[in-house]
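Note sheet for the following structure.
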Amino acid sequence: MSTHHFSFRVGKTLPGTLARTGVIHTPHGDIHTPAFIVVGTKAAVKAMTVEQVKAVRAQALLANAYHLYLQPGHGLIEAAGGLGTFMNWDRPTFTDSGGFQVLSLGSGFKKVLAMQSGELADEDVIAPVRERRAFVDDDGVTFKSHLDGSTHKFTPEHSMRVQHAIGADITFAFDELTSLHDPYDYQVASLKRTHAWAERCLAEVARLRQLHPDRPYQALFGVIQGAQYEDLRKQAATFMGSLSFDGYGIGGALEKDRMGEIIRWVNEILPHDKPRHLLGISEPDDIFAAIEQGIDTFDCVSPTRVARNGAVYTYEGRMNVSAARFERDFTPIVGGCACYTCQHYSRAYLRHLFKAREILAGTLASIHNEQFIIKLVDDIRASIEGGTFYQLRDAWLKRYYGR
RNA sequence: GCAGGGAUGGUGGAGCGGUCAAACACGGCAGACUGUAAAUCUGUUGGCUUAUGCCUACGGGGGUUCGAAUCCCUCUCCCUGCA
């Protein structure tokens, strides 16, 4: 198997489900799936060194084309020898296309990401047009930089060129994210646009590969949209599955209550011999549901973001370690946890660091949270190999959510 | 000693007769965070009880007034000038 190519091999499967183990082979090494991919948007996992990220057994890292285009300036990472070399990360890398920013800087700017359709009022989810910093049309997305307000046009071709220059092993097609609150008509129009963009991404990548035959192979994953609608998700999986992508991302608005169901619609249709990445998900119940329905990899900012804001994972659920009740709790976050933080520091010390606004607080909490979620996914992988998936799932979820 | 200026809730600091349990900031407490706009954002923050309720509170005491953190007298302490 050439180290300069990309491949995916399915290992064990779980009868009666879409769950499977596997190995994604990339020019920078293998990823044993299911796997949690840590997020390092701007070529850094926030508050963590690469050594710390390796120590929590992260197999791969995902950065973002939008941020790396704006922040260090276009061309710098390419000049540095690519993303991995630049940031001293020698394992596999992914880049997101900037598609998420269509939503997070557009209709979802300064809003919460809705995970249930009826839960919130539209005005809590949809930003007024005048406040938005991203505007979509059929050609692409016009961004007003969150850094300096300057205007940048991202098209499918542009995103692929940026990702090509960054040099990640796995790239994503440029897509449009919608909100659960966008009307059906808009979801239809948006999906059509995302599909047109997918074909443009494939064409541009083909052009770039021909132009630079010496470069290591960069895989391209197409992204399945369609929000919470079964017909649109299936249509998306059918169309995208027929194109020559190396793998697939499942993205967009996912109703939490129906996460597994939505993923199943898609994964029953997508080619079974290609990897499937679930974009932006890491809550434990979602992870179990997604893996059961055939998801191979995840990425999510939640473990580190939540950590910087004082929340840490335990087997009994997530807790805010800066709470007063931990003032004199000299036990580790999780007894027996193998992470550096739990091996050396107490809840009381972490609480102190958060109250004292010490930067170390976010680092120690991030180490624990990343380790916790990575271990969870690793344990699930082992349970599929060992045929104990359901035992692990039921016991784990009961302990964590108390239900 | 004389003249002037101050003393406000955990802290700093507004208010200068009623709409003041008292702006605002910080601190405290609680919560949220799912392809990173965010080491961020919400809520709350005298007590009792949970109400268009009562009590206690704006250095201490005493007044004026229907009503005072706000005006007057006095005491204590602090600051700035002049001696």
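Within every chain, numbering begins at 1; the chains are lettered A, B, ... in the order of the sequence lines, protein sequences first and strands thereafter.
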Give, for atom CD of Gln228(A) and atom OH of Tyr184(A), the distance between the pair rounded to the nearest 0.5 Å. 10.5 Å
Rounded to whole Å, please give me the gap between [atom1] in [X] and [atom2] in [N].
X         : N      : atom1 : atom2 : answer
Asn369(A) : A32(B) : CG    : P     : 14 Å
Leu70(A)  : U36(B) : CG    : C1'   : 14 Å
Leu147(A) : U36(B) : CG    : P     : 14 Å
Asp96(A)  : U34(B) : CG    : C1'   : 14 Å
Phe109(A) : A37(B) : CZ    : C1'   : 5 Å
Leu376(A) : U34(B) : CG    : C1'   : 14 Å
Gln101(A) : A37(B) : CD    : P     : 5 Å
Phe354(A) : G31(B) : CZ    : P     : 14 Å

With a 4.0 Å cut-off on heavy atoms, is [X] in touch with a base, just the backbone sugar-phosphate, or nothing at all?
X         : value
Leu62(A)  : sugar-phosphate
Lys355(A) : sugar-phosphate
Arg133(A) : nothing
Glu327(A) : nothing

What stems, by residue range, does RNA chain B take part in, given at least 3 consecutive Watson-Crick or G-U pairs under 3.5 Å? B:1-7 with B:76-82, B:10-12 with B:24-26, B:27-32 with B:40-45, B:46-48 with B:53-55, B:59-63 with B:71-75
Validation row, ring centre [X] to ring centre [Y] under 6.0 Å:
X         : Y         : result
His5(A)   : Tyr217(A) : yes
Tyr315(A) : Phe372(A) : yes
Phe94(A)  : His277(A) : yes
Phe221(A) : Phe245(A) : no
Phe174(A) : His158(A) : no

Does OP1 or OP2 of [N] have a side-chain N or O of [X] closer than 4.0 Å?
X         : N      : result
Arg351(A) : C29(B) : yes
His146(A) : U36(B) : no
Ser104(A) : A37(B) : yes

Please determine if [X] and [Y] form a salt bridge, counting it only when a charged side-chain N lies under 4.0 Å from a carboxylate O.
X         : Y         : answer
Arg193(A) : Asp137(A) : no
Lys12(A)  : Glu385(A) : no
Glu157(A) : Arg200(A) : yes

What distance, rounded to whole Å, do you find between the two [atom1] atoms, one in [N] and one in [M]?
N      : M      : atom1 : result
A7(B)  : C72(B) : P     : 14 Å
C71(B) : C58(B) : P     : 15 Å
C78(B) : G60(B) : C1'   : 15 Å
G43(B) : C24(B) : P     : 12 Å
C41(B) : U36(B) : C1'   : 14 Å
C26(B) : G13(B) : C1'   : 11 Å
C82(B) : G62(B) : C1'   : 33 Å
C75(B) : A22(B) : P     : 34 Å

Does a distance-only test, which skips hydrogens and angles, find a donor-acceptor pair under 3.5 Å between the side chain of Thr304(A) and the base of U36(B)? yes
Can you sort out the partners of [X] under side-chain hydrogen bond (donor to acceptor under 3.5 Å, both in side chains), two or more places apart, ordered by chain and number?
X         : value
Tyr229(A) : none
Thr341(A) : none
His368(A) : none

Considering only nitrogen or oxygen atoms on both sides, find all protein atoms under 3.5 Å from nucleotides 44-46 of chain B and state each distance.
none

What residue pairs, at least two apart or across chains, pass side chain to side chain donor-acceptor pair (under 3.5 Å) with a residue in residues 43-64 of chain A? Thr49(A)-Gln52(A), Glu51(A)-Asn88(A), Lys54(A)-Asp90(A), Asn64(A)-Gln101(A)
So which pairs with a foot in residues 372-381 of chain A pass side chain to side chain donor-acceptor pair (under 3.5 Å), sequence neighbours left out? Lys375(A)-Asp379(A), Asp378(A)-Arg381(A)
Pick the nucleotide of RNA chain B nearest each of Gln225(A) and Ile359(A); which residue has the one closer to the 5' end? Gln225(A)
Need to verify one output field. Residue with the more 5' nearest nucleotide on RNA chain B, Val223(A) or Arg305(A)? Val223(A)
Among [range], which residues get a heavy atom nearer than 4.0 Å to RNA chain B?
range                       : answer
residues 255-285 of chain A : Lys256(A), Leu279(A), Gly280(A), Ile281(A), Ser282(A), Glu283(A)
residues 308-319 of chain A : Arg308(A), Asn309(A), Ala311(A), Arg318(A)
residues 32-54 of chain A   : Val39(A), Thr41(A), Lys42(A), Lys46(A)

Can you sort out the partners of Gln391(A) under side-chain contact (heavy atoms from CB on, under 4.5 Å), two or more places apart, ordered by chain and number? Thr388(A)
Could you verify whether a donor N or O on one side chain and an acceptor N or O on the other, from Asp169(A) and Gln218(A), lie under 3.5 Å apart? no
Asp329(A) and Ser346(A) have their tightest heavy-atom pair at O-CB, 3.9 Å
Closest to the Asp286(A) side chain, choosing from A39(B), C33(B), U34(B): U34(B)
Identify, with sequence neighbours excluded, every residue that meets ring-ring contact (aromatic ring centres under 6.0 Å, His included) alongside His352(A). none
Go through the steps to decide whether Arg209(A) and Asp246(A) satisfy the test salt bridge (Lys or Arg N to Asp or Glu O under 4.0 Å), and finish with yes or no. CA-CA 14 Å; Arg209(A) 284 175 183 155; Asp246(A) 299 293; 3.5 Å; yes
